[in-house]
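Below you'll find the structure, written out as structure tokens, and then a few comments.
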Amino acid sequence: LIEAAEVQLKCLIEVIESHGQGDVPVTRRRLKAATVAGVKDVELDHMRRDFVQWDSRMRDLELAVALARTEEVRMAISHAEDVKIQPQQLLWAKQVLRALELRDRASGRLQEAVVARNIEGLRKALKHAADTNLQDRALILQASAELHHLQQSRLGIQEALADH
């Protein structure tokens, strides 16, 4: 009986520790271990409620990242931070967010370059789009076609000037 109580106490201390750190996967394991050890539900309820909230926020974050939508990822990170998920567990999502922001800037630069109809600007914007792994094929094709058209026009003008 004393051994069971010691195991329960050890499990409860471990759950409290991981819960206090906002460590989602460790808290999940320790909650299961505490339940198996027979720790009373009343002692685990608060931490279970927090864990359910953490788990929900992490799933929202994973979905936002999978959809690669910058603003949704930003909001999901903020919501995860609001419920006190351990910051280290959000580093991967913050790296994804930075990559998405770079991608969005590359897309914006490419759109501006298409409108400006400047050969050098289009070249640079297309290179930047490739470097940031921009996936907007329609925009890339539009920019490539515009660059090709401008280059052909330039060649035509140069040839006309050379003939005179």
Side-chain angles (χ1 to χ4, degrees), residues 1-116 121-144:
L1 193 61
I2 292 176
E3 283 182 35
E6 287 175 351
V7 169
Q8 289 174 358
L9 180 60
K10 178 181 178 273
C11 287
L12 182 59
I13 290 170
E14 288 176 348
V15 171
I16 290 169
E17 178 183 290
S18 62
H19 174 265
Q21 294 171 352
D23 193 328
V24 180
V26 173
T27 300
R28 175 186 294 118
R29 286 192 307 273
R30 289 180 176 175
L31 278 169
K32 285 180 184 179
T35 301
V36 169
V39 176
K40 293 180 183 176
D41 287 339
V42 70
E43 294 173 336
L44 299 174
D45 281 346
H46 171 71
M47 291 173 282
R48 281 189 183 127
R49 279 192 303 275
D50 285 351
F51 173 76
V52 167
Q53 195 173 28
W54 294 348
D55 193 51
S56 174
R57 295 295 186 229
M58 289 301 285
R59 288 174 196 244
D60 292 346
L61 181 56
E62 290 166 358
L63 178 61
V65 166
L67 294 173
R69 295 183 180 151
T70 308
E71 195 53 40
E72 288 181 27
V73 172
R74 185 177 290 112
M75 288 178 57
I77 290 171
S78 176
H79 291 155
E81 290 172 336
D82 289 346
V83 295
K84 308 290 190 248
I85 291 176
Q86 188 178 57
Q88 284 184 312
Q89 292 180 16
L90 302 176
L91 290 178
W92 67 273
K94 289 179 180 183
Q95 290 173 336
V96 169
L97 177 60
R98 282 190 291 279
L100 292 173
E101 290 169 341
L102 287 173
R103 179 205 64 188
D104 292 350
R105 280 196 293 278
S107 177
R109 284 179 61 183
L110 194 52
Q111 289 171 354
E112 291 170 4
V114 168
V115 170
L122 274 167
R123 279 189 192 136
K124 287 180 182 178
L126 278 166
K127 181 179 180 339
H128 187 64
D131 291 346
T132 61
N133 198 26
L134 182 64
Q135 298 295 311
D136 188 342
R137 297 205 188 288
L139 178 58
I140 291 169
L141 287 173
Q142 180 186 8
S144 297

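- Ring-plane geometry between W54 and H19 is classed as parallel, the angle between the planes falling under 30 degrees on a 0 to 90 degree scale with a further cut at 60.
- Pairing each heavy atom of A113 with each of G121, the nearest pair is CB-O, 3.8 Å.
- In terms of modelled atom types and a separation under 3.5 Å, the side chain of S107 and the main chain of R103 share no donor-acceptor contact.
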Give the intermediate values and the outcome of side chain to side chain contact (heavy atoms under 4.5 Å, CB included) for residues K124 and H128. CA-CA 6 Å; K124 287 180 182 178; H128 187 64; over 6 Å; no
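- Under the 3.5 Å distance criterion, the side-chain polar atoms of E71 are left unmatched by any main-chain donor or acceptor of R69.
- Distance check: L102 CG to R98 CZ gives 9.5 Å after rounding to the nearest 0.5 Å.
- Crowding of R28 atom CZ: a count of heavy atoms from other residues, nucleotides or ligands under 6.0 Å exceeding 12.
- Remark: L97 pairs with T70, V73, R74, I77, E101 by the side chain to side chain contact (heavy atoms under 4.5 Å, CB included) rule, at least two apart or across chains.
- Here the straight-line distance linking atom CD of E43 with atom CG of L12 works out to 5.5 Å at 0.5 Å rounding.
- The shortest distance between side-chain heavy atoms of I140 and R137 does not fall below 4.5 Å.
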When you look at M58 and L90, which way does the side chain to side chain contact (heavy atoms under 4.5 Å, CB included) test go after all the steps? CA-CA 9 Å; M58 289 301 285; L90 302 176; 4.0 Å; yes
Evaluate the criterion side chain to side chain donor-acceptor pair (under 3.5 Å) for residue pair T132 and R109; output intermediate values, then yes/no. CA-CA 12 Å; T132 61; R109 284 179 61 183; over 6 Å; no
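- Residues meeting the side chain to side chain donor-acceptor pair (under 3.5 Å) test with D131, sequence neighbours left out: K127.
- In terms of heavy-atom proximity, Q8 sits nearest to V39 at O-CG2, 3.4 Å.
- Counting all heavy atoms, side chain and backbone alike, A33 lies closest to C11 at O-SG, 4.0 Å.
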Take K10 and V7 through the side chain to side chain contact (heavy atoms under 4.5 Å, CB included) test and state the conclusion after the steps. CA-CA 5 Å; K10 178 181 178 273; V7 169; 5.7 Å; no
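- In this structure, R29 does not pair ionically with E14, as no charged nitrogen and carboxylate oxygen lie closer than 4.0 Å.
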Evaluate side chain to side chain contact (heavy atoms under 4.5 Å, CB included) for M47 paired with I16, printing each intermediate quantity in order. CA-CA 8 Å; M47 291 173 282; I16 290 169; 3.8 Å; yes
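- For F51 against L31, the heavy-atom pair with the smallest separation is CB-CD1, 3.7 Å.
- Considering only heavy atoms from C-beta on, D60 stays 4.5 Å or farther from M75 through its side chain.
- Atom CD of Q88 sits about 13.5 Å away from atom CD1 of I85, to the nearest 0.5 Å.
- Here CD1 of I13 is found 4.0 Å from CG of L9. Values are rounded to the nearest 0.5 Å.
- K40 contributes atom NZ, which lies 14.5 Å from atom OG1 of T35 (distance to the nearest 0.5 angstrom).
- At least one donor-acceptor pair closer than 3.5 Å links the side chain of T27 to the backbone N or O of D23.
- In this structure, the side chain of Q53 does not engage the main chain of V83 through any donor-acceptor pair within 3.5 Å.
- Checked for salt-bridge contact, D82 and R57 miss the test: no charged N lies under 4.0 Å from a carboxylate O.
- The CG atom of L61 lies 4.0 Å from the CH2 atom of W92; values are rounded to the nearest 0.5 Å.
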